[in-house]
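I have placed the structure first, in the form of structure tokens, so that the comments after it can refer back to it.
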Amino acid sequence: MKPIKDNLTEIRERITAAAQKCGRDPHTVTLLAVSKTKPVSALEEAIAAGQNRFGENYVQEGVEKIQYFSGNTSLEWHFIGPLQSNKSRLVAEHFDWCHTVDRLKIAQRLSDQRPADKAPLNVLIQINISDENSKSGITLAELPALAEQVAALPNVCLRGLMAIPAPETDPERQCAVFRQMETTFRELQVKYPQADTLSMGMTDDMDAAITCGSTMVRIGTAIFGARNYSVS
Ligand SMILES: *Cc1c(COP(=O)(O)O)cnc(C)c1O
């Protein structure tokens, strides 16, 4: 396993190359470092190498890390895991973003529970674009109604869409799915100009996601190495 610093350099180069290949400005793609299951020492290495946005999947683990790093106000914390309503308060109180809004009840709770002294919580609506086995995310047909409801809430800001497509190794088939997200995102932006974020692309499909308009890639393995769930 190479140092995290070197992995970050490589990922940034990969983002730049993928963006330039399709005529995009590399600065329009934000790198979210997915640090779930990783110790704070790994995050410290990433922070020392200039990374300041982190994604966490598990509420308790994420909150512990946010509290550990609370002295560093330049960090931005994204909740990217499935969210149960009984955990919404912790997300509303501690995180800056939530990528996995997929029903009004959760969005409503996040808005109600967002502390008054904080900026509105940035939220993305999760679309289930291709994964029949996953219960997370809404269908494209459900998006217009949910977007309207979420956009009307006072303490959350609808910033865009997120997707986790079913695993697929062929870049062209990866792209076919991402293109549907891109089209949907462009349509959403017409009605909601504050929606500037399309969160898609992980270690194995990042290049295709960037080709298809992703503005935020969520990268874990390529930065921190493989995850070992048995010891976490
Ligand atoms: C774990 C995870 C990632 C990172 O995946 P890698 O393949 O390790 O880059 C991205 N997004 C979500 C929602 C995840 O749960």
Side-chain angles (χ1 to χ4, degrees), residues 1-2 4 6-15 17-18 29-39 42-43 45-46 49 51 53-63 65-66 76-84 87 91 95-103 106 110 121-138 159-171 173-174 177-178 181 185 197-232:
M1 178 69 201
K2 280 192 309 224
I4 287 168
D6 295 355
N7 293 337
L8 275 167
T9 303
E10 262 176 40
I11 279 290
R12 290 182 189 126
E13 285 168 0
R14 234 175 100 190
I15 291 173
V29 183
T30 297
L31 172 59
L32 186 65
V34 176
S35 44
K36 63 180 176 218
T37 79
K38 298 296 173 181
L43 283 82
E45 273 185 69
Q51 180 63 29
R53 292 182 177 88
F54 293 92
E56 288 284 337
N57 288 58
Y58 310 104
V59 176
Q60 199 56 47
E61 179 189 342
V63 169
K65 287 175 183 166
I66 292 170
E76 195 177 273
W77 296 95
H78 295 237
F79 185 74
I80 62 170
L83 183 53
Q84 293 159 348
K87 299 273 177 68
V91 171
F95 282 83
D96 303 298
W97 288 68
C98 177
H99 290 221
T100 49
V101 167
D102 62 359
R103 54 198 190 277
I106 283 285
L110 291 171
L121 182 72
N122 297 297
V123 299
L124 304 177
I125 293 178
Q126 182 176 357
I127 307 287
N128 186 340
I129 195 70
S130 66
D131 193 347
E132 288 145 27
N133 297 321
S134 165
K135 287 181 199 70
S136 303
I138 60 166
R159 295 292 295 273
L161 303 176
M162 179 269 213
I164 311 171
E168 168 62 65
T169 49
D170 177 56
R173 273 181 281 171
Q174 289 174 350
V177 173
F178 286 139
M181 287 298 300
F185 177 58
T197 302
L198 180 54
S199 165
M200 58 186 197
M202 314 195 339
T203 293
D204 291 329
D205 58 11
M206 183 189 97
D207 301 80
I210 292 172
T211 305
C212 300
S214 170
T215 72
M216 190 176 285
V217 290
R218 309 178 307 263
I219 308 298
T221 308
I223 297 174
F224 297 110
R227 288 175 291 274
N228 183 350
Y229 287 96
S230 61
V231 298
S232 70

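Read the numbers this way: they start at 1 and go in the same order the structure lists the ligands and their atoms. Only this structure's heavy atoms are used, side chains among them; waters, hydrogens and symmetry mates stay out.
With respect to atom 5 (O) of ligand 1, the closest heavy atom belonging to the protein is Met202 CE, 3.7 Å. Among protein heavy atoms, atom 11 (N) of ligand 1 sits closest to Arg218 NE, 2.8 Å. The protein non-hydrogen atom at the shortest distance from atom 14 (C) of ligand 1 is Lys36 NZ, 2.9 Å.
Here Ile164 has side-chain heavy atoms under 4.0 Å from ligand 1, and that is the only part of it that gets that close. Residue Thr221 touches ligand 1 through backbone and side chain together, judged by heavy-atom distances below 4.0 Å.
Using a 4.5 Å heavy-atom threshold, the side chains of Met206 and Ile219 count as touching.
Around CG of Asp204, the count of heavy atoms belonging to other residues, nucleotides or ligands within 6.0 Å does not exceed 12.
Here the shortest heavy-atom distance to atom 7 (O) of ligand 1, taken over Thr203, Val217, Ile219, Ile80, belongs to Thr203.
In terms of modelled atom types and a separation under 3.5 Å, the side chain of Gln51 and the main chain of Arg53 share a donor-acceptor contact. Side-chain N or O atoms of Lys36 include none that pairs as donor or acceptor with a backbone N or O of Arg227 at under 3.5 Å. Within the 3.5 Å criterion, the main-chain N or O of Val29 finds no donor-acceptor partner in the side chain of Thr215.
Considering backbone and side-chain atoms alike, Asp204 places every N or O at 3.5 Å or more from each N or O of ligand 1.
Ligand-side atoms of ligand 1 in range of Asn57: 14 (C), 15 (O), range being under 4.0 angstrom from any heavy atom.
Heavy-atom minimum distance, Ile4 versus Phe224: CD1-CD2, 3.7 Å.
Heavy-atom separations between Met206 and ligand 1 are all 4.0 Å or longer.
Ring geometry for His78 against Trp97 counts as parallel: the plane angle stays under 30°, on a 0 to 90° scale with 60° as the upper cut.
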